Amino acid sequence: MPFVRGDLMRGVMTGALVLSLTALAACSSGGGSRTFQSQEPGGISVFGLGGGKKSAPAAGQPAIGVNGYLWRATLDTLSFMPLASADPYGGVVITDWYVNPEKPDERFKCTVYILDSRLRADGLNVAVFKQVKDAAGNWTDAPSAGQTETDLENAILTKARQLRLSNIG
């Protein structure tokens, strides 16, 4: 009778090992690595049963969430400014502060919002921020000319139309 307890513990340990390996195997995707954007919606699939929906992506689905011409034109137009952040899925480009070497006492920062997946004039919004250096050497906010935002929007739209025309013909 002294080995009955050992056999029981060995059975419990083996069962726990099999259960944990099965749970670990259920977590694997089986088809390569997956990123956050490629996760399927629809819940959890346990042992191949339930929730997980499998659907093929649409053939005409764009690679980014906004108009590609506006996206490339925005990056090309603002390429002289240092880039702080660019989100192609949300359509937001944020530049870092740019100091013109000819005017070292003022600096600019731009935020561009691409609002549509179509190439339209109202699918773009540009915000320009300006700061000037005061006598103590500190940067303070100053109003930027409203025409600056309009000029940047027009430059981006013109570049986007040129990119589209060069791609068509």
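What you see is a predicted model, and the numbers here were worked out from it, not measured in a lab.
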Item to check | side-chain contact (heavy atoms from CB on, under 4.5 Å) evaluation trace for T148 with K130 | outcome: CA-CA 11 Å; T148 306; K130 178 181 176 182; over 6 Å; no

Checklist entry - Between V93 and Y113, is any pair of side-chain heavy atoms under 4.5 Å apart? => result no

Item to check | Interatomic spacing from CD in Q131 to CG in D141 - rounded to 0.5 Å | outcome: 5.0 Å

Checklist entry - What are the two closest non-hydrogen atoms of S117 and G65, and how far apart are they? => result CB-O, 4.4 Å

Item to check | Point-to-point distance, once rounded to the nearest 0.5 Å, from NZ of K159 to OG1 of T74 | outcome: 11.5 Å

Checklist entry - Quick one: are the ring centres of F108 and F129 less than 6.0 Å apart? => result no

Next on the checklist: Hydrophobic clustering (ILVMFWY, side-chain heavy atoms < 4.5 Å, transitive) - are W71 and L163 grouped together?
Outcome noted: no

Next on the checklist: Check whether D134 reaches the backbone of N138 with its side chain - one donor and one acceptor, N or O, closer than 3.5 Å.
Outcome noted: yes

Next on the checklist: Tell me every residue that passes side chain to side chain donor-acceptor pair (under 3.5 Å) with D151, counting only those two or more places apart in sequence or in another chain.
Outcome noted: Q147

Next on the checklist: Could you measure the distance from the CG atom of N100 to the CD atom of E106? Nearest 0.5 Å is fine.
Outcome noted: 7.5 Å

Checklist entry - Is there a side-chain contact between V92 and V112 (heavy atoms, below 4.5 Å)? => result no

Next on the checklist: Please evaluate residues N125 and E153 with respect to the criterion side-chain contact (heavy atoms from CB on, under 4.5 Å), reporting the C-alpha separation (whole Å), side-chain torsions for both, the decisive distance (0.1 Å), and the verdict.
Outcome noted: CA-CA 7 Å; N125 186 10; E153 283 181 7; 4.0 Å; yes

Next on the checklist: Hydrophobic clustering (ILVMFWY, side-chain heavy atoms < 4.5 Å, transitive) - are V128 and Y98 grouped together?
Outcome noted: yes

Checklist entry - Are W139 and I94 connected, step by step, through hydrophobic side chains (Ile, Leu, Val, Met, Phe, Trp, Tyr) whose heavy atoms are closer than 4.5 Å? => result no

Next on the checklist: So C110 and M81, do their side chains get closer than 4.5 Å, heavy atoms only?
Outcome noted: yes

Next on the checklist: Show, in sequence, the C-alpha distance, side-chain angles and deciding distance for V132 and D105, and conclude whether the side-chain contact (heavy atoms from CB on, under 4.5 Å) test is met.
Outcome noted: CA-CA 6 Å; V132 294; D105 60 334; over 6 Å; no

Checklist outcome for this item: Taken to the nearest 0.5 Å, the spacing of L83 CG from L78 CG works out to 8.5 Å

Item to check | Sub-4.5 Å side-chain heavy-atom contact between V66 and D116 | outcome: no

Next on the checklist: I need the Q162 CD to L157 CG distance, nearest 0.5 Å.
Outcome noted: 11.5 Å

Checklist entry - Nearest heavy-atom pair of P104 and V99: which atoms, and what distance? => result CA-CG1, 3.8 Å

Item to check | CZ on R164 to CG on N67, rounded to 0.5 Å | outcome: 9.0 Å

Checklist entry - Between V126 and I156, is a side-chain contact (heavy atoms from CB on, under 4.5 Å) present by the stated rule, with each step listed? => result CA-CA 10 Å; V126 177; I156 292 170; 4.2 Å; yes

Checklist outcome for this item: All heavy atoms of A160 vs all of A73, minimum pair found to be N-CB, 3.4 Å

